[in-house]
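Okay, so here's the structure we're looking at.
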Amino acid sequence: MDRRVRVRFAPSPTGALHIGGVRTALYNYLFAKKHGGDFLLRIEDTDQTRFVPGAEAYIIESLKWLGIEPVEGVGFGSDASGGPHTPYRQSERKPMYRQYAMQLMEAGHAYYAFDTAEELDGMRERLKASNVDAKYDAITRSTMKNSLTLSEDEVQKRLESGDPYVVRFKLPRKEEVKFHDEIRGWVSFNTGQLDDKVLFKSDGMPTYHLANVVDDYLMEISHVIRGEEWLPSAPLHVLLYRAFGWEDKMPKFAHLPLLLKPEGNGKLSKRDGDRLGFPVFPLNWVDPSTGEMSSGYREAGYLPDAVVNLLAMLGWNPGSNQEIFTIEELIAAFSLERVSKSGAKFDQNKAKWYNQQYLRKLDDSALLPFLLKSLEANGLNTNFSEAYSLMVCSLVKEKMSFTKEIWDISRYFFLDPSEYDLAVIQKRWNEKIPALLKDIQTGLASEELLDAQSIERIYNECLTQNGILGKDFLQLFRVCLTGVAGGPPLFEIAALIGREALERRIEHAIQEFENLHKQ
RNA sequence: GGCCCGUUCGUCUAUCGGUUAGGACACCAGAUUUUCAUUCUGGGAAGAGGGGUUCGACUCCCCUACGGGCUACCA
């Protein structure tokens, strides 16, 4: 156990990385950092038929956005090679795997199989018909075309004539395979239930099982932290380490609980896309074959630290009541023992709450780029000073849950209201209002300095003059100035938008409200 | 179907044999806010069912139910 901690995140680039995968990466990262070890990214692209262009770049960009950065691997590392175990893309490691398949063959742990897809289907159908588990195992392999049943000459001949073949693992007949999972404790399987998995495909590529074990060994991985969907193949991997004679270098396993759909059934999947009302991807993703777009946390207005925090708490807890963690605090507190065993449903409300918390902690200036981007999109970027925008950010910050809301809740700082909240007008309007608004208008016009205090003073004076109560009018006045029913403190808004805007907006309200309230 | 993993408030979870079963989100009520929101206070809300073991079980064991995963020359 004094082995250097080295863990890896090993996604296959078959599409956008979904948040379950992100969480797996995060837990690996936290574990590595916690133990002063290494976190690496390996791309498992051994299935050429499922390759999706852009997926790898997407994974890398996602990890960078979230700050879950590997020290080695594709797209990372101190130099272009990615690190000392380059390459980190399994397709580029292709030439290395064959020798390991051969090593198993020579040791009698693997064999050639020549069965065609049709023959395999036939076998499965036959077994199913007789109510037996349809699998290529210790019994069925004796009825199939492989180097255990065919003569040596025949095998040689097939190999030489280029017949397609695969290499299968020769599973021990009836053996209890036990291993200790860092999260679940002892887990055991009987090899009688397993089958002779293909290790090496007819296209010359290894399957996941072979490539994964070989690479973990070569890259000196100390802990395999992955999703629970891999638990059933873990015994195979254990057996492979034994067959290779690498048992002393076998990593410890930790199988993470799955992230479930909020509506009840099944694990959260890539297909869920936007259906659920929250993103399942870190970044926006456009499916290159269908052109279909799925939204991501970044574009939905989440802050990366908030996403990291909420993902960390989904399936792990510190054992205390602390909910908000910086990444350093997460690293310090993290342990596999406190990862829960059962699947967790994603909670949108909690996610929103987390984002709000992080938004509020942000400097006003950190919000500025989001606002400036919106101003630019609306062609207003040259009309207002950056100092003005910064003040808007500070006023509006507490009202936001997501960065992308900033334009919607602050547009009235830049544009006169084009429409008004009718419900408020209808509820609060009465015949005294026009005179009151006029009074405020003239009061403001004759005041030299318009700051929040002076505006409020004038406002209150006019209220008393007109015999109107503040609670009956303030919200209407807010609608008059901003068009909407809620927002930051009104007199601060008024002070910021300034004399001309106030004059214009009050004048407009005097003309419009009378008609609007009748609608 | 088979194998494996799991099961505490609506949701995320604490509890590692003895607690009025705690917290957070959400929800509801009240207070504060001349408006909305914020904030504060309070409230309702849980151990799947059945057997054991034990002086004592949410906690340990077994069975059942339910949920999930896997069962490809996909990862």
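Note that the structure is a prediction, hence the values are computed from the model and not measured. Lettering follows sequence order; numbering is per chain, from 1.
Look at CZ on Arg360(A): it is 13 Å from P on A37(B), rounded to the nearest Å. One can place CE of Met400(A) at 18 Å from P of A37(B), the figure rounded to the nearest angstrom. Taking atom CD on Glu323(A) and atom C1' on A26(B), their separation rounds to 13 Å, with Å as the unit. Nucleotide U35(B) holds its P atom 16 Å from the CD1 atom of Ile468(A), rounded to whole Å. Rounded to a whole Å, the CD atom of Glu337(A) is 13 Å from the P atom of U15(B). Between the CG atom of Leu259(A) and the P atom of G69(B) there is a distance of 12 Å, given to the nearest Å. Following rounding to the nearest Å, Lys345(A) (NZ) and U13(B) (P) show an atom-to-atom distance of 11 Å. The distance between atom CG of Leu256(A) and atom C1' of G6(B), rounded to the nearest whole Å, is 14 Å.
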Scoring nucleotides 70-75 of chain B by protein non-hydrogen atoms under 4.0 Å (B base, S sugar-phosphate only, - none) yields S--BBB
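Ala344(A) comes within 4.0 angstrom of sugar-phosphate atoms only, judged by non-hydrogen atoms across all strands, and of no base. At the heavy-atom level, Ser320(A) lies nowhere under 4.0 Å from the strands shown. As judged by a 4.0 angstrom heavy-atom cut-off over every strand, Tyr459(A) is placed among the base-contacting residues. Contact annotation for Lys399(A): base contact, defined as any heavy-atom pair under 4.0 Å involving a base atom. Across all strands, Asn190(A) comes closer than 4.0 Å to no nucleic acid atom at all (heavy-atom distances). Residue contacts for Gly319(A): at a heavy-atom cut-off of 4.0 Å it reaches no nucleic acid atom on any strand shown.
Between Trp186(A) and Arg428(A), it is Trp186(A) whose nearest contact on RNA chain B lies nearer the 5' terminus. With RNA chain B read from its 5' end, the first of the two nearest nucleotides for Gln357(A) and Gln348(A) is the one closest to Gln348(A).
The phosphate of C12(B) (OP1 or OP2) has no side-chain N or O of Arg338(A) nearer than 4.0 angstrom. Note on Asn321(A): every side-chain N or O is 4.0 Å or more away from OP1 and OP2 of A24(B).
Nucleotides C40(B) and A45(B), compared at atom P, are 24 Å apart to the nearest Å. One P atom belongs to G6(B), the other to G50(B), and the distance between them is 22 Å to the nearest Å. Between the C1' atoms of G22(B) and A65(B), the separation comes to 29 Å (whole Å). As rounded to the nearest Å, U64(B) and C74(B) have C1' atoms that lie 35 Å from one another. If you take atom P in U19(B) and the same atom in U41(B), they sit 28 Å apart, rounded to whole Å. Annotation: G30(B) and G69(B) have their C1' atoms spaced 47 Å apart (nearest Å).
When Watson-Crick and G-U wobble pairs are counted only if both distances are under 3.5 Å, C16(B) pairs with no nucleotide at all. Nucleotide A21(B) forms a pair with no other nucleotide shown, judged by Watson-Crick or G-U wobble geometry with both contacts under 3.5 Å. The nucleotide C9(B) finds no pairing partner, because no Watson-Crick or G-U wobble arrangement with both distances shorter than 3.5 Å includes it. Under the Watson-Crick or G-U wobble criterion, with both distances below 3.5 Å, G1(B) is paired with U71(B). Base pairing annotation: U39(B) forms a Watson-Crick or G-U wobble pair with A31(B), both donor-acceptor distances under 3.5 Å.
Checked by atom type and distance alone, the side chain of Asp45(A) pairs as donor or acceptor with a backbone atom of Ser91(A) at under 3.5 Å. Of the possible polar contacts, none joining the Thr191(A) side chain to the Leu194(A) backbone as a donor-acceptor pair under 3.5 Å is found. Panel note: side chain Thr207(A), backbone Val198(A); a donor-acceptor pair is recorded below 3.5 Å. For the pair Glu119(A) (side chain) and Thr116(A) (backbone), a donor-acceptor distance under 3.5 Å is present. Between the side chain of Ser202(A) and the main chain of Val166(A), no donor-acceptor pair closer than 3.5 Å is present. Distance alone, capped at 3.5 Å, is enough to place a donor-acceptor pair between the Thr140(A) side chain and the Lys135(A) backbone.
The aromatic ring centroids of Tyr354(A) and Tyr302(A) lie 6.0 Å or more from each other. For Tyr27(A) and Trp316(A), the distance between ring centers is not under 6.0 angstrom.
Judged by atom type and distance alone, Asp133(A) reaches the base of G1(B) through a side-chain donor-acceptor pair under 3.5 Å.
Of the options Arg42(A), His237(A), His223(A), a side chain to side chain donor-acceptor pair (under 3.5 Å) to Asp216(A) is made by Arg42(A) and by none of the others.
Side-chain proximity of Asn317(A) to C36(B), U34(B), A14(B): nearest is A14(B).
Lys201(A) pairs by the salt bridge (Lys or Arg N to Asp or Glu O under 4.0 Å) definition with nothing, not counting sequence neighbours.
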